[in-house]
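Scroll down for the structure; my scribbles are underneath it.
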Amino acid sequence: MAYITFDTDKCKGCGVCADNCPQTLISMDEERMNALGYRPAVFADPEGRCKGCKICAEMCPDICIEVYK
Amino acid sequence: MALTLTKGNEAIAEGAIHAGCRFYFGYPITPQNDIPEYLAREMPKIGGTFIQAESEIASINMVLGAAAAGARVMTSSSGPGVSLMQEGISYLAGSELPALVVYISRIGPGLGGIAPTQGDYKQVTSGGGHGDYYTIVLAPASVQEMFSLTIKAFELADKYRNPALLLCDAILGQMKEPVEIGPRPDFKDISLPDKPWALNGNAGRKSNLIKSLYLGDGEMEVQNWMLFDKYNKMKQEDTYFETTDVDDAELLVVAFGSCSRMAQTGIDMAREQGMKVGMLRPISLFPFPEKAVAELSARIPKVLVVEMNTGQMYKDVKVNLDRAADIHLYARPGGGLPTPDDVLEEIKKIY
Amino acid sequence: MSENITPATGPKKIMGRPKCLNDVTFHFCPGCNHGNVHKMIGEAIDEYGIQDRTIGVAGVGCGVFLYNYVDVDVLEAPHGRACAEATGINRVHPDKIIFTYQGDGDLAAIGLAETVHTANRGENITVIFVNNTVYGMTGGQMAPTTLLGQKSTTSPYGREFMGDGYPIKMCEMLATLEGTAFVARVACDTPKNLMTAKKAIKKAFKMQIDQMGFSFVEILSTCPTNWGMTPQQAYKRVAAEMIPYFPLGIFKERTTADYM
């Protein structure tokens with residue numbers, strides 16, 4: 001199994017992770033804002049589809065994502 | 001010690017080698033090309049590095065890099081080139097880096113000419129570049145001093161973590177005099193200060209950072225006052241000047257560099273004619289010998305500044321002059337060199 | 001039959017912050033590729049174990065805060081002069097790994113002479129060139145790499161050949177010099193491009209470790225704020241407008257050092 005975690009304090013809501021996840025498991029929080037004023041990314045994987053491909057973490061410009069596998 | 005007939009520019013280059021400088025980055029410009037040419041020949045022999053850079057801008061920035069890396073390093077140039085270097089010199093001061101800039105002045109402004117001048121006094125004693133800083137400025141008046149003050153300049157630069165400038169002119173650079181230069185010490189025998197702040201890889205310590213950017217609220221004010229304190233310390237501990245025949249003098253000549261040589265002969269001629277004239281020769285132009293001017297002018301009421309520009313050191317003398325003293329200026333800019341007879345004439349007018 | 005096996009160890013972290021990057025928030029704008037480039041540099045330094053003998057030289061621009069992010073000795077250079085400063089450091093410490101971090105104004109406008117001559121001398125250093133076709137830090141002025149027709153605050157009607165010249169292709173130019181050992185242009189706009197960029201940056205550092213000469217990587221990067229775009233639009237612009245003019249690829253790769 002695989003999953004990711006976000007450092008939401010550093011997230012700038014750019015959405016690049018969401019744009020590139022091959023399993024579309026990431027979306028941008030539509031309600032919450034972090035202390036920087038951005039809507040951070042959210043990981044939702046109820047079906048356990050995350051393969052740990054690391055594309056999100058590679059593409060994130062702010063090193064917010066840790067990948068576990 | 002045996003004397004060697006040595007050219008001024010080459011005495012500087014040899015002095016740098018004696019001081020443990022093993023890095024030279026420079027660019028050709030008249031009248032200082034002997035310096036890079038000498039070091040191009042000598043540096044490879046002693047495991048040093050010589051680069052003829054693509055410009056004076058590149059030169060001063062290579063100096064900055066090497067200084068940040070912890071080495072004794074120098075460059076040399078003349079008016080147009082030193083003007084290009086001013087940004088780098090400001091960065092050296094702001095980053096608190098030691099380095100030597102050798103300045104062999106030529107007439108200006110602009111392309112000017114290649115004749116000697118002292119017209120860059122105000123540029124170098126006011127820092128020269130942007131910002132609240134100064135460079136240490138030493139002014140040799142002989143080939144022997146071109147050698148010894150080069151070594152002194154490196155020592156002061158390291159002592160204060162500040163750039164130092166050796167202000168000479170085309171005469172001093174090109175002339176030859178007998179000089180005492182001992183054998184070259186081995187690099188390992190040269191005592192160099194530790195530089196724990198230098199950049200050489202952070203093994204076993206925290207990373208070092210060399211910068212001059214202070215954006216935080218109030219940060220730069222602290223920095224500026226810290227530099228100010230540094231310059232005050234220089235004033236207290238490292239002001240250099242020479243006085244000749246001032247004990248009974250009734251007229252004080254103030255002159256520096258090559259001009260002081262002409263002035264001294266003029267003074268000697270005046271003494272032969274019974275006039276009591278002495279000379280104050282600033283050797284450090286920054287810090288300027290303010291106290292010496294104040295003390296000497298307090299008992300010598302007539303002061304004659306002789307310089308090869310339109311009146312630059314004159315202002316520094318005037319501001320420190322005793323209130324009761326009279327100040328006069330004999331100014332010869334643009335390569336018009338005062339002869340001893342010229343100086344004698346001026347002395348006679350005032351005495 | 002399903003076995004209830006509790007794995008001896010749970011999922012392991014397979015990607016995170018490079019060890020040599022400080023755990024701080026980047027000041028860069030959302031969707032700016034500076035962060036990606038910093039990360040790739042960090043990964044290269046970690047992979048080769050060179051943190052304690054690496055010295056960085058920061059140019060002036062958004063990259064000036066390199067020293068807040070990468071935990072190595074760092075020198076802040078005047079605008080455009082990082083290559084000359086890296087030369088000075090390299091001559092004092094030829095055994096250290098030295099890299100510069102410069103934007104397009106810093107490296108290709110005010111610093112063009114230092115960049116070309118440092119490459120020409122074959123200095124054994126690595127130059128990281130973040131090309132986002134504008135001056136970012138100062139608010140989006142025209143840069144040497146601004147594209148024809150591109151509007152900026154100092155080319156408000158769009159860059160024109162007559163008057164502004166064509167954008168400069170640094171990789172192509174530097175590859176003609178004998179002193180360069182590795183010259184590559186990459187981008188971070190897609191996962192595929194980003195993985196190639198990572199490889200190129202690692203290769204550039206490896207070339208330096210192997211004393212091959214001057215290595216240079218140009219990274220086509222986004223600047224959403226000064227392009228007036230969302231991050232999504234900015235990433236698309238890299239592919240649609242920048243890559244056609246600045247083709248990706250390796251322009252030079254020595255297999256023997258230039259001094260041989």
Side-chain angles (χ1 to χ4, degrees), chain A, chain C residues 6-7 9-43 62 69-70 130 132 187-199 219 221-225 229-236 238:
Chain A
M1 62 168 284
Y3 64 92
I4 67 172
T5 60
F6 285 105
D7 182 348
T8 51
D9 290 341
K10 292 195 176 70
C11 179
K12 300 208 182 109
C14 70
V16 171
C17 54
D19 294 340
N20 284 285
C21 173
Q23 307 292 331
T24 51
L25 302 173
I26 304 174
S27 60
M28 309 312 288
D29 198 322
E30 279 172 23
E31 288 174 9
R32 202 170 77 78
M33 260 191 209
N34 65 11
L36 294 175
Y38 299 110
R39 299 202 182 282
V42 176
F43 173 68
D45 187 17
E47 293 159 27
R49 286 189 287 123
C50 176
K51 300 208 181 338
C53 72
K54 300 184 285 177
I55 285 177
C56 55
E58 298 277 12
M59 294 297 285
C60 174
D62 288 280
I63 324 186
C64 300
I65 300 174
E66 287 183 346
V67 185
Y68 292 83
K69 188 173 182 176
Chain C
T6 311
T9 52
K12 290 196 191 52
K13 181 159 79 169
I14 57 168
M15 170 142 277
R17 176 174 297 273
K19 196 175 61 66
C20 67
L21 292 193
N22 294 323
D23 187 9
V24 293
T25 307
F26 287 138
H27 75 284
F28 308 119
C29 299
C32 166
N33 285 145
H34 267 299
N36 298 96
V37 180
H38 274 62
K39 180 148 67 114
M40 290 189 274
I41 291 172
E43 285 166 346
C62 289
Y69 305 132
V70 187
V130 178
N132 60 17
C188 312
D189 61 316
T190 63
K192 178 161 168 287
N193 282 345
L194 188 138
M195 296 313 286
T196 308
K198 208 201 271 222
K199 282 205 198 83
I219 303 108
S221 301
T222 52
C223 183
T225 301
M229 295 179 173
T230 65
Q232 284 65 36
Q233 293 166 336
Y235 272 63
K236 287 201 171 64
V238 173

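So that the names make sense, note that chain A is the first sequence line, chain B the second, and so on, each numbered from 1.
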Non-hydrogen atoms of [X] and [Y] that approach each other most closely:
{"X": "C:Pro191", "Y": "A:Ile55", "answer": "CG-CG2, 3.6 Å"}
{"X": "A:Cys14", "Y": "C:Pro30", "answer": "CB-C, 4.0 Å"}
{"X": "C:Gly31", "Y": "A:Pro61", "answer": "CA-CG, 4.3 Å"}

To see if you've got the definition right, give the donor-acceptor pairs under 3.5 angstrom between chain A and chain C.
| residue | atom | partner | partner atom | Å |
| --- | --- | --- | --- | --- |
| A:Lys10 | NZ | C:Asp23 | OD1 | 2.6 |
| A:Lys12 | NZ | C:Phe26 | O | 2.7 |
| A:Lys12 | NZ | C:Phe28 | O | 2.6 |
| A:Cys14 | O | C:Gln232 | NE2 | 2.7 |
| A:Asp19 | OD2 | C:Gln232 | NE2 | 2.8 |
| A:Ala57 | O | C:Lys39 | NZ | 2.4 |
| A:Glu58 | O | C:Lys39 | NZ | 3.3 |
| A:Glu58 | OE1 | C:Lys198 | NZ | 2.8 |
| A:Glu58 | OE2 | C:Lys198 | NZ | 3.0 |
| A:Met59 | O | C:Asn36 | ND2 | 3.1 |
| A:Glu66 | OE2 | C:Lys13 | NZ | 3.1 |
| A:Val67 | N | C:Met15 | O | 2.9 |
| A:Val67 | O | C:Ile14 | N | 2.7 |
| A:Val67 | O | C:Met15 | N | 3.4 |
| A:Lys69 | N | C:Lys12 | O | 2.8 |
| A:Lys69 | O | C:Lys12 | N | 2.8 |

Which atoms of [X] approach chain A - backbone, side chain, both or neither, heavy atom under 4.5 Å:
{"X": "C:Val37", "value": "neither"}
{"X": "C:Leu194", "value": "side chain"}
{"X": "C:Met195", "value": "side chain"}

- Query: Which one, A:Val16, A:Ile65, A:Ile4, leads in non-hydrogen pairs under 4.5 Å with chain C?
  - Reply: A:Val16
- Note on the structure: A:Glu31 meets the salt bridge (charged side-chain N to carboxylate O under 4.0 Å, His left out) criterion, sequence neighbours left out, with none
- Whatever's closer than 4.5 Å to a heavy atom in chain C on A:Cys60 counts as backbone
- Task: Please determine, among C:Pro18, C:Pro11, C:Pro231, the option with the most heavy-atom pairs under 4.5 Å with chain A.
- Result: C:Pro11
